[in-house]
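These notes concern the structure reproduced below.
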Amino acid sequence: MRIGVFVCWCGSNIGGVVDVPRVAARAAHLPYVAHSVDYKYTCSEPGQNMIVDAIQKHNLDRVVVASCSPRLHETTFRKTIARAGLNPYLLEMVNIREQCSWVHSKEPDQATAKAIDLVRMAVAKAARLEPLSEGSITVTKKAMVIGGGIAGIQAALDIADAGHKVILVEREPTIGGKMVMLDKTFPTLDCSACISTPKMVAVAQHPNIELLTYAEVTEVSGYIGNFSVTVKQKARYVDHSRCTGCGTCWEKCPQKVSSEFNQHIGIRKAIYIPFPQAVPNKPCIDAANCRRLNGKKCGVCAKVCAAGAINYEQQDEYRQVKVGAIVMATGYDLFDWTQAYGEYGYGKIPNIITGLQFERLVNASGPTGGKITRPSDGKEPQNVVFIKCVGSRDEAKGKAYCSRACCMYTAKHAHQVLEKIPGSRVFVFYMDVRAPGKAYEEFYQRTVNEGARYIRGRVSKISRKGDKLLVKGADTLLGCQVEIEADLVVLATAMVPSRGSREIARTVGFTVDQDGFFQEAHPKLRPVETNTAGIFLAGVCQGPKDIPDTVAQASAAAVKVCALLYKQEIATNPMIAEVNESKCQGCLLCRDVCPFQAIETKTIPNNAHDQAKTQTVAHVNSGLCQGCGCCTSSCRSGAINLKGFSNEQIVSAIKACLCEDNFAELVRKVRKR
Amino acid sequence: MRYAYFPGCCDHTSGREYDISTRALCHALDVELVEIPGWSCCGSTPGHSTSHLLGIALAARNLALVAEMGLDCTASCAACYQRLAMANVEMQNDPRLCEKINWITGKTYHGGVKVKSIVEIIAELNPEQIISRLVKPLENLKIAVYYGCLMVRPKAVQVDDPENPLVMDHLLEAVGAKTVDWGSKTECCGASLAISNDDVVLKLTSKILADAARAGADCIATGCPLCHFNLDMRQKKINQVFGTDYQLPVFYFTQLIGLAIGLTPDNLSFNTHFIDTSKVLELVG
Amino acid sequence: MSVAFNLTNSLKDNFGFINNVSKESGQPVEQCYQCGKCTAGCPVAFAMDYPPHRVLRMVQLGLKENVLRSQAIWLCAGCSTCTSRCPRNVDLAQVMDCLRSLAKREGVPLDDRARDVSLFYDCFLNTVEDNGKLYELGMMLNYNLKTRQLFKNANTGLAMLTRNKIKFLPAKTKNRRDVAMIFQRVRELEGKAR
Ligand SMILES: Cc1cc2nc3c(=O)[nH]c(=O)nc-3n(C[C@H](O)[C@H](O)[C@H](O)COP(=O)(O)OP(=O)(O)OC[C@H]3O[C@@H](n4cnc5c(N)ncnc54)[C@H](O)[C@@H]3O)c2cc1C
Ligand code: SF4
Ligand code: SF4
Ligand code: SF4
Ligand code: SF4
Ligand code: SF4
């Protein structure tokens, strides 16, 4: 066996702290090492060529590269050694940047000592590496998009336009999400419905898109290229194949219900379409509120429907579909400030509304026809207070993060008040104005120039004062308390993951971050992928953002999906678990711990002579296994191993770290405990 | 039910109505209060305001005495409650501080005592215990229930929500009274500045009275002798300084519940108030 | 407007002070992002020379002299309104406590309202040290003497008397020497800590 070691300076990133030549020199003396050098930028073209030459010249059969994180360059160096004719999996990487020079930048000696230890471990492991080869699986050429806001719409249209089939699943009766609720959009102030409803219609008419509204995903199994998804079509009690969308039913329905689409300012009927341009433009019955479905007398809608479309007996239906990729686009909800902000009255004081409620008030198709009025008495407010960062940037009550869009939409709202209510006064309480987009700062300045008073400080309390609201805040620039008698207060509340998003993440099988937003595979380099292959992210479900960023991310996710669906088959990661059937006792502890449901059972003859006697053993589904290794550490009989990280390989690395005698000592200690 | 009772230093002076009515009410409701033998000042605001150690040690001495009694502890005064409860929390959370304090007090206390406000104790009773004794429902009475700061802040010792506490409202509603929805429930009356900077305190208290009056209250109910002192005794001066004419009697919640279950005004010390209480007695009938 | 603060010096010289405040109060003062919510809700901010959020800012920047001599730290009524609403979980009331006790231990000269508050606290605690309990009348007389306003609150006194709310003799704790010892030992510890 002949191992080559290449220790990288990463410019001064590693070389500035770790004594790189010394590490290389020490490595040269390790068992099996036939060649050891250091190099400025190993990942560069000449650096890679150097490795190829060294392999050929020194006849190397294993390679250790001590440099940055394998997440960054493992693929690079695998390709490099493959060029030289080696199996790409005969490579071992040592991260002496993140794990040595960066974290121990103040202790160069210890950093160097640690680098030497890590290299010694890697060499020991490399000596036990086995060549591995990739398998392949076929790809189902169809995608699913979950969530029909602007993110889901854009992703579905892009994938469909590229020629692939898409199923778009939306749990509400219409697609459109939050964007269609908005009046105008910053910074250009174009009408939100005018630019989003054409896209909604395009979705409904696209030959490649199958639209499932009022539907939810209840189960997902399978793996990249081969997902099997169960979709529940909730009963609408209206047969859409008969319904003509004439509207008689919702006109005549006697049951009024507070309208979700209008953010509970305004009403709808029990049979309804959420708003006039809804897609699909056919109603459904809200079973929780319909008189007839709750055992009372009614049935008006059925009587008036000329098409005979009403069907009170309709049931939820489940169907299974196969798709090759999934895009998550489940968006957001607004933080429920009424549960947290007692100092703002816990939602019991009238005329304190959220930004989304304001959008409905100012919207020409909203409940007031676009006139900004106070919900309590319909009067036009003269003094309007906006409070930013409510629930955002507030660890004590809400979330630590910034919601990113509210600075801009508050500037938009302030502008709209000043424009629609001549003579009105607008006060915006802020801590920072975050306007880092194209034409954003200019937009904010324009609002200031129009007369919005920006007051730097948080509001401490809102109380009633007659029919007005007494807003007590501070102007930290002035160093004073300030009070405003307001007619209307608008809170820019935080964006939080939409209701049920943790559950849907679990169902589909990927992780969420500490705030419950969907976790991307890498914050910078893989922002639209999840850690589960074949599942992609778009829009606010991944983190707060505005429409331009949402649309960009949706298109990016679509490209990733297309890249996958264009392939006939895809290579699988060979570094997955493997069961040694002769050792497996069939206890299936591994199945319980596997986060990806990759362990299946298999029946094998337990006697070579008597085929009738059988036993159950664990079996790894190579499509599902992500190589996390949980199973291997749970197996008591040591029957399950992770290829590329076998027990033998890891133990040899540990032994190299501790040297043999230390190791024996440690084992004794652990046993005692 | 038995509790070690910490009466607080103004039990016989400025806060006498509270001590008297607390004892009377608890007696009537079969809650036994055992005065802590040898209790001393909790340190109040001056203690913790000028020395962290002193503040905790003065309270801790009393906690050590309670521990010897083998009972849980209650205080009527909100300030005493807050100081005892805070010292308890801090000592339980920080063993090193605990050692230091034990050296200072010359006693050994390592936590273990539960400190409850008298408000909590009454609120935890089975409501039937009060309702079954109801003889004079406070039906015509509209009360602004005032909690002040000490009972609801800071979080570690809060008796109820710091922005909209309801525990005393519910108690008074249970005996028939109406409580008003008002904005100054937990605004500070400035008690610790009462002697040194009374102009500041007059401003704060006048706002509280104005708010209660605006909400249409017939009287104010509280659970803190400092608040009581500032709102009752100072009301006359407030009227002088601000040209107002408030006549809002200020009661301890224990007095009002006591009245409702048939204790006599004399037994509840109605006659030592500064603002005439007869109006309220008439309303109740 | 005051002269420019030399931040290089104040951060260098008073680094220990900043750390000390953080440690003694148990509050990470850097965490404050100066939103002003504390000031907005503070009942006595109107009477302060520096509003509460500025008090904290002065600590962050090591402006020790200014903050320890401020009126604000003594005017703080300890109501914890700031604490309960702070979005950054800074217990400003604790910081105020800590600053007062530092000012006291360092013997910072006080004037005006601050002096009166501090005197009142002293008079209060003196009676506790002597009797084990607060002796209201003794405290008032002493306070009036020290602030040279002999008849301040005399009306109140009279009204209190008629309602049997004044006791001429102090109530005393049984083992009041225990309490005196507490004062003694705290002084000893705090003297050492300096
Ligand atoms: C008051 C306000 C004003 C704004 N103004 C602007 C502006 O002027 N300009 C701008 O650029 N941005 C603005 N924004 C931001 C903008 O709303 C978002 O960037 C954008 O709507 C995000 O789209 P989305 O598709 O990611 O999420 P959403 O619009 O929330 O869409 C998510 C969709 O997924 C569905 N869904 C959720 N869970 C499931 C599930 N389990 N199964 C099926 N479907 C599901 C939901 O029903 C919804 O239809 C504003 C935001 C607010 C709050
Ligand atoms: S009346 Fe019938 S056809 Fe018309 S919208 Fe309603 S369900 Fe559809
Ligand atoms: S049956 Fe239900 S949906 Fe139909 S009209 Fe009556 S209440 Fe409305
Ligand atoms: S975008 Fe602006 S308003 Fe929204 S959380 Fe961030 S800073 Fe606050
Ligand atoms: S409320 Fe908290 S974060 Fe805001 S200025 Fe005050 S101490 Fe700082
Ligand atoms: S604790 Fe002090 S600083 Fe904080 S709000 Fe109360 S008085 Fe103001």
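Labels below follow one simple rule: chain letters A, B, ... track the order of the sequence lines, proteins then strands, and each chain is numbered from 1.
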How about [atom1] on [X], more than 12 heavy atoms from neighbouring residues, nucleotides or ligands closer than 6.0 Å, or not?
| X | atom1 | result |
| --- | --- | --- |
| A:R374 | CZ | yes |
| A:Q514 | CD | no |
| C:K174 | NZ | no |
| C:R115 | CZ | yes |
| C:F46 | CZ | yes |

About how many Å separate OH of C:Y33 and CG of A:D394, when rounded to the nearest 0.5 Å?
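Between atom CG of A:D394 and atom OH of C:Y33 there are 5.5 Å.
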
In Å, rounded to the nearest 0.5 Å, how long is the span from OG1 of C:T39 to CG of A:L478?
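Output value for this atom pair is 11.5 Å.
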
Quick one: do the A:Y341 and C:R85 side chains pair a donor with an acceptor below 3.5 Å?
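Their side chains do not contain a donor-acceptor pair, so the 3.5 Å distance test is not met.
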
Shortest non-hydrogen contact from [X] to [Y]?
| X | Y | answer |
| --- | --- | --- |
| C:A40 | A:A474 | CB-N, 3.5 Å |
| A:A396 | C:N89 | CB-OD1, 3.4 Å |
| A:G479 | C:P51 | O-CG, 3.3 Å |

Most contacts with chain A, counted as non-hydrogen pairs under 4.5 angstrom, among C:C86, C:C38, C:S84, C:C42:
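Looking at each of C:C86, C:C38, C:S84, C:C42 in turn, C:C42 comes out on top.
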
Of the backbone (N, CA, C, O) and the side chain (C-beta and beyond), which part of A:K472 lies under 4.5 Å from a heavy atom of chain C, both, or neither?
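Both backbone and side chain of A:K472 come within 4.5 Å of chain C.
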
Write out all pairs satisfying ring pair (Phe, Tyr, Trp, His ring centres under 6.0 Å) with one or both partners inside residues 48-98 of chain C, taking only residues at least two apart or from two chains.
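Qualifying pairs: none.
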
Check against side chain to side chain contact (heavy atoms under 4.5 Å, CB included), A:E343 and C:K37:
CA-CA 11 Å; A:E343 60 269 52; C:K37 196 173 183 185; 2.8 Å; yes

Run through A:R458, A:E395, A:R393 and flag the one making a side-chain contact (heavy atoms from CB on, under 4.5 Å) with C:P87.
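The single option meeting the side-chain contact (heavy atoms from CB on, under 4.5 Å) with C:P87 is A:R458.
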
Show, in sequence, the C-alpha distance, side-chain angles and deciding distance for A:M431 and C:Q34, and conclude whether the side chain to side chain contact (heavy atoms under 4.5 Å, CB included) test is met.
CA-CA 8 Å; A:M431 294 200 292; C:Q34 289 290 300; over 6 Å; no

